[in-house]
Amino acid sequence: MNGRKTAGGGARGRGGRAQGKGDTQQRRPMFRRRKVCKFCAEKIDDINYKDTKLLMPFVPERAKILPRRISGTCALHQRKLRIAIMRARQLALIPHTSE
Amino acid sequence: MNRKYELVYVVSPDATEEQVAELHGQVEAVVQRMGGQIEKTENWGRRRLAYEIGRHKEGIYVLDVITGSGELMKEIDRRLKVFDIVIRQLIVRVDEAETVAERKRTKRTEALRRRRVARGLPPDRQPGEGQRAEFEDDRDDRFDLAEDLR
């Protein structure tokens, strides 16, 4: 389903690594952790602009919003996250840029 | 037409406590006059701003939860803009987002209960149940090495 999901995600994982290296070259040589939307996993229903602790991990160093392809957030939650971050920025709870 | 709004305003750090109280009094007066109600007031106190606004590096944050009409909020917004000591303000309508979140939450718990009943379990989680599987999931450190290489 998901291109990033590599083989052996389930209980068979431990053996999967060596096998993946051995049998074919066109397979991705190393594993990537399958990314899961943080808000789906932790069942956070509303992403609040006041909750800076929740938002800060999504605005790394340069204070740009972390893209979905890196954070793994689902589309719905990324949209809500963006709104929350923009509101928090307006109140100077979160920076627009650093420096 | 009663809607629920959140109003957050940032007051300049030079303002005295009386000034902040007076400002809050003003907001309250407007709310009362236009048939609204203040449900909750929170003073977050002095906080560092994430970026400088004008020459300020700190601000005093005040949060009000207000129910009332859109006109009321418009009026408050207009009035707050007039004060020099208010350096930022934000008004957000929250009632819809709250009901959506609430609906989602009840839907989820209901689905969970239904699934549990279908499996022949009591609808609520028993103490000490299901801990094991969760624990194993958390300790899944097989891919940590690969993550460092990324």
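Checked for salt-bridge contact, A/Asp46 and B/Lys104 miss the test: no charged N lies under 4.0 Å from a carboxylate O.
Neither the backbone nor the side chain of B/Tyr9 comes within less than 4.5 Å of any heavy atom in chain A. Residue B/Ile87 does not touch chain A at all, counting heavy-atom pairs closer than 4.5 Å. Of the two parts of B/Val8, the backbone and the side chain both hold a non-hydrogen atom closer than 4.5 Å to a non-hydrogen atom of chain A. With a 4.5 angstrom heavy-atom cutoff, A/Lys43 touches chain B via backbone and side-chain atoms both. Contact of A/Arg87 with chain B is made through backbone and side chain together, with heavy-atom distances under 4.5 Å.
Here CG of B/Leu49 is found 13.5 Å from CD1 of A/Ile94. Values are rounded to the nearest 0.5 Å. To the nearest 0.5 Å, the span separating CG on A/Leu91 from CH2 on B/Trp44 amounts to 7.0 Å. How far NZ of B/Lys107 is from CG of A/Asp45: 11.5 Å, rounded to the nearest 0.5 Å.
When all heavy atoms are compared, the tightest approach of B/Ala50 to A/Pro95 is CB-N, 3.3 Å. When every heavy atom of A/Gln90 is checked against every heavy atom of B/Gln89, the shortest pair comes out as NE2-O, 4.2 Å.
Enclosure of atom CD in B/Glu98 by more than 12 non-hydrogen atoms of other residues, nucleotides or ligands within 6.0 angstrom is indicated. Within 6.0 Å of the CD atom in B/Glu52, the count of heavy atoms belonging to other residues, nucleotides or ligands exceeds 12. Atom CG of B/Asp14 sits in a crowded spot, with more than 12 heavy atoms from other residues, nucleotides or ligands closer than 6.0 Å.
A single hydrophobic cluster is seen to contain both B/Ile53 and B/Leu63, as judged by linkage of ILVMFWY side chains at heavy-atom distances under 4.5 Å, directly or through other members. B/Val65 and B/Leu7 fall into different hydrophobic clusters, where Ile, Leu, Val, Met, Phe, Trp and Tyr residues are linked whenever their side-chain heavy atoms come under 4.5 Å apart, directly or through other members.
Between chain A and the residues B/Val92, B/Val100, B/Val94, the largest count of heavy-atom pairs under 4.5 Å involves B/Val92. Counting heavy-atom pairs under 4.5 Å between each of B/Arg47, B/Arg48, B/Glu6, B/Glu102 and chain A puts B/Glu6 at the top.
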For A/Tyr49 and B/Leu90, run side chain to side chain contact (heavy atoms under 4.5 Å, CB included): C-alpha distance rounded to whole Å, both residues' side-chain angles, the deciding distance at 0.1 Å, then the answer. CA-CA 11 Å; A/Tyr49 62 95; B/Leu90 178 74; 3.8 Å; yes
